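To keep things clear, I will list the structure first and then write my remarks on it.
Note that the structure is predicted; figures quoted are calculated from it, not measured.
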There are 2 protein chains.
Amino acid sequence: MSRNRNNNLMRGRPWTSQRRLLLELLRDAEGHIDAKELYRRASARDESISPATVYRSLNLFKELGLVDEIRLGKVRCYYEISGLPEHQHLVCYACGKVIEFDNPLVGRLIKAVQRAHNFNVTKAELYLEGYCPECEEKEKTRSA
Amino acid sequence: MSRNRNNNLMRGRPWTSQRRLLLELLRDAEGHIDAKELYRRASARDESISPATVYRSLNLFKELGLVDEIRLGKVRCYYEISGLPEHQHLVCYACGKVIEFDNPLVGRLIKAVQRAHNFNVTKAELYLEGYCPECEEKEKTRSA
DNA sequence: TTAAGTGCAAAGGCTTTGCAGCATA
DNA sequence: TATGCTGCAAAGCCTTTGCACTTAA
């Protein structure tokens with residue numbers, strides 16, 4: 001069963017040990033992880049794996065719709081398994097903390113834009129940046 | 001007056017010819033422009049300007065809040081003058097076309113998140129990706 | 001068996017940095 | 001005059017690519 005499922009996932013492409021490992025790590029990551037960190041974790045389990053394979057696999061996974069690419073904060077690129085419950089990102093400009101949130105307005109917004117521009121929207125990413133309560137407090141203290 | 005205004009913009013930092021040129025080009029760009037393109041346009045007017053200056057200036061402008069950094073499509077980084085009317089981006093995955101739109105729901109969404117997480121939100125970016133009407137049509141034709 | 005994937009190392013882009021000279025304030 | 005900016009060139013990062021070897025199907 002797992003075999004069939006993975007064949008489907010890969011749409012006929014070879015199901016290699018590297019791909020299995022990378023997909024497993026992406027699943028375990030629960031949230032976003034960047035290519036560098038993914039390579040680091042993969043190396044820990046298979047020390048011969050190369051960065052090239054990580055990048056090639058991520059591009060393949062993206063193409064197959066297995067992962068979504070997300071850009072957060074300082075132009076870093078993160079990946080996460082597709083099909084996780086939709087969520088959006090709120091990033092603290094000062095400390096870099098990332099909060100994932102979800103709000104029903106996002107869905108309504110997507111539908112509205114979809115209708116207005118006749119676009120077939122396949123991906124939505126809302127990125128909010130600002131200061132978290134703690135950093136906001138520090139900021140105030142410092143300027144006072 | 002222009003002198004005072006620019007001194008304020010720069011918060012005491014020197015108002016150099018390069019910075020003046022770059023800010024002028026950013027203003028003329030009307031929308032987003034990436035560092036590479038900005039360098040190209042700057043070179044046309046001052047052939048001795050260096051990429052290093054462009055990057056250094058963009059970082060400074062960002063720091064001073066004069067421009068916003070925006071990530072679109074294939075992890076490219078764009079800049080635009082702050083304070084333009086807020087707008088969001090809709091990108092066609094197939095042809096790369098970028099549509100800027102605006103929707104009042106965005107404002108409501110920001111306020112809701114702001115309240116829910118007690119964040120001082122300073123920037124909001126909504127990125128929608130999908131297929132524009134033309135590419136959607138081609139896609140259908142091809143698979144039929 | 002054979003098409004496809006992998007590791008390695010090198011090349012490519014974009015961005016940052018060190019340094020000596022130059023310009024703004 | 002004295003910070004601070006600039007150009008240049010080199011270094012740094014991250015990502016992609018060419019090639020010979022290996023592996024899944």
Side-chain angles (χ1 to χ4, degrees), chain A residues 2-25 32-64 66-67 69-79, chain B residues 2-25 32-64 66-67 69-79:
Chain A
S2 152
R3 204 184 168 91
N4 278 329
R5 234 186 95 229
N6 289 325
N7 274 338
N8 283 343
L9 282 183
M10 286 295 141
R11 305 219 191 130
R13 287 185 175 78
W15 181 238
T16 68
S17 62
Q18 292 88 343
R19 288 174 184 174
R20 190 183 320 129
L21 171 59
L22 292 171
L23 221 37
E24 195 182 319
L25 290 173
H32 38 264
I33 178 174
D34 65 5
K36 212 170 133 196
E37 174 61 21
L38 182 58
Y39 169 64
R40 204 174 298 128
R41 296 190 195 176
S43 296
R45 303 231 330 238
D46 169 5
E47 62 180 22
S48 75
I49 201 169
S50 80
T53 296
V54 173
Y55 284 105
R56 279 190 283 231
S57 299
L58 281 173
N59 283 332
L60 175 65
F61 296 163
K62 233 191 317 179
E63 221 179 288
L64 296 177
L66 299 179
V67 300
E69 194 179 77
I70 296 173
R71 290 165 288 290
L72 288 183
K74 323 276 171 197
V75 200
R76 300 189 65 185
C77 206
Y78 293 86
Y79 299 86
Chain B
S2 153
R3 202 184 168 91
N4 277 331
R5 234 185 96 230
N6 290 325
N7 274 338
N8 283 343
L9 282 182
M10 286 295 141
R11 305 220 191 130
R13 287 185 176 77
W15 181 237
T16 67
S17 62
Q18 292 88 344
R19 288 174 183 175
R20 189 183 319 128
L21 171 59
L22 292 171
L23 220 39
E24 195 182 319
L25 289 172
H32 38 264
I33 177 173
D34 65 6
K36 211 171 133 195
E37 175 60 20
L38 181 58
Y39 170 64
R40 205 174 297 128
R41 296 189 195 176
S43 296
R45 303 228 333 236
D46 170 5
E47 60 179 24
S48 76
I49 201 169
S50 80
T53 297
V54 172
Y55 284 105
R56 278 190 283 230
S57 299
L58 281 174
N59 283 332
L60 175 66
F61 296 163
K62 235 191 316 177
E63 219 179 290
L64 297 176
L66 298 178
V67 301
E69 194 178 76
I70 297 172
R71 290 164 288 290
L72 288 182
K74 323 276 172 198
V75 201
R76 299 188 65 185
C77 206
Y78 293 87
Y79 298 87

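With contacts defined as side-chain heavy-atom distances shorter than 4.5 Å, the pair A:Phe61/A:Arg56 does not qualify. Side-chain contact between B:Lys36 and B:Val54: absent, with no pair of heavy atoms (C-beta onward) separated by less than 4.5 Å.
Not counting sequence neighbours, the partners of B:Glu37 by the side-chain contact (heavy atoms from CB on, under 4.5 Å) test are B:Ile33, B:Asp34, B:Arg40, B:Arg41.
For the pair A:Leu64 CG and C:dG5 P, the interatomic distance rounds to 10 Å; values are reported in whole Å. Spacing between atom OH of B:Tyr39 and atom C1' of C:dT16 amounts to 15 Å, rounded to whole angstrom units. Between A:Leu58 atom CG and D:dT16 atom C1' there is a gap of 13 Å when expressed in whole angstrom units. As rounded to whole Å, 17 Å separates atom P of D:dA25 from atom CZ of A:Arg11. Atom CG in A:Leu38 sits roughly 14 Å away from atom C1' in D:dC14 (whole-Å rounding). Regarding A:Trp15, its CH2 atom lies at a distance of 11 Å from the P atom of C:dT6, rounded to whole Å. With rounding to whole Å, A:Ile33 atom CD1 is found 16 Å from D:dC14 atom C1'. Distance, B:Arg20 CZ to C:dA25 C1': 14 Å, rounded to whole Å.
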Expected string for nucleotides 3-8 of chain D under the B/S/- scheme (protein heavy atoms, under 4.0 Å, primed atoms plus P, OP1, OP2 as sugar-phosphate) is -SSBBB
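In plain terms, the two heavy atoms of A:Arg19 and A:Ser57 that are nearest each other are CG-OG, 4.1 Å. The two residues A:Ala35 and A:Leu58 have their closest heavy-atom pair at CB-CD1, 3.8 Å.
Dashed line: the shortest gap from a side-chain N or O of B:Lys36 to OP1 or OP2 of C:dC14 is under 4.0 Å.
Atom CG in A:Leu9 sits 6.5 Å away from atom CG in A:Leu23 (nearest 0.5 Å).
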